[in-house]
Amino acid sequence: MFKGKRHVPFITLSEISPRVWITLSGCNFNCLGCFSIAKDIVGKPMTVKELVKLVEDSSRSYYGDLPKEIIITGGEPTLNKKYLKKLISSLRSSQIIIESNGYLLDDKYVDELIKAGLDGIMLDLKAFDEKIHKKYTGFSNKRILRNLKNICKKDINLIIKTIYIPGWVEEKEIKNIARFLSKLNPEIEYRINPYRPIKNFSREPTYSEMLNAYKIAKKYLKNVFLSKSCRRETLPKKKIKTWITVFPDGKMKRRSLNDYRKNNMKVFNKQEHS
Ligand code: SF4
């Protein structure tokens, strides 16, 4: 990674509301079932200034205004701590949120991010059992659970997400996570997402498996949601809404969820054969 730069494959504009996702590539984890092409270093190295310009220019051109919400995702956005802090303090939006695996979100750093302007954290808690977590991601979850306890004490919006992965993260894991979270704050928002199969790793959970997981988590937590990997998918479809992908050179392309998945598969296949 270049000093002062992070690789950006694209940013994404929602067609529903002025919401922008910034994808920063590269990740410290190596999840066996990862479905993000941004786990690896892909895209163009960009300074914070260049990236903010891309966000603001494309948002103005598409919405006629700056975005109301910005979600910084990846890959893992905290990989370059200084970069993320600078990015948050340079972006102009009423809501700035990061999606993170939580590993690098220690107490001091979270305080710095809040000071820089961070409004919310969506933390992916992959598994509660340390052995499963280590086998799936390559890392212990002890640090993440510690970080999570600290974040809960702060004045910041927090959403915890777990992906239901048949054969890996099922009812028992969901129950243990929900019980752990209930001790921190029973009102915490907890989302359970179904796994999206890629490269024959596991399968998509059935409706009844998801419903069971929901009922189990509900015994411990007030705010449990079954959702998909992204909030836009949960909205009613009066007409089919899609995403607008904006590449680092400013080119825009309208992509449906299927287009996005097809494109990911092409990249995965290329990575496997290179
Ligand atoms: S933390 Fe997310 S991006 Fe990183 S390897 Fe795991 S699933 Fe992929």
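Values reported hereafter were calculated over all heavy atoms of this structure, with side chains retained and with hydrogens, waters and symmetry mates removed. In each ligand, atom 1 is the first atom listed, and ligand 1 is the first ligand listed.
- Taking the centre and axis of the six-membered ring of Tyr109, the NZ or CZ atom of Lys81 falls inside the cone set by 45° and 6.0 Å.
- Under 3.5 Å, the side chains of Asn28 and Asn101 contain a donor-acceptor pair of N or O atoms.
- Residue-ligand proximity, Lys39 to ligand 1, at heavy-atom distances under 4.0 Å covers atoms 5 (S).
- By the criterion of a heavy-atom distance under 4.0 Å, the side chain of Cys27, and not its backbone, is placed next to ligand 1.
- In terms of protein heavy-atom proximity, atom 6 (Fe) of ligand 1 is nearest to Cys31 SG, 2.3 Å.
- Listed by atom number, the atoms of ligand 1 under 4.0 Å from Asn101 heavy atoms are 1 (S).
- Between the side chains of Asn223 and Glu189, no donor N or O sits under 3.5 Å from an acceptor N or O.
- Proximity of Lys126 to ligand 1, defined as any heavy-atom pair under 4.0 Å, is confined to the side chain (atoms from C-beta onward).
- Shortest contact from atom 8 (Fe) of ligand 1 to any protein heavy atom: Cys34 SG, 2.4 Å.
- Taking the ring centre of Phe35 as origin, the terminal cationic atom of Arg196 falls outside the region bounded by 6.0 Å and 45° from the ring axis.
- Between the side chains of Glu76 and Ser100, a donor-acceptor pair is found at a separation under 3.5 Å.
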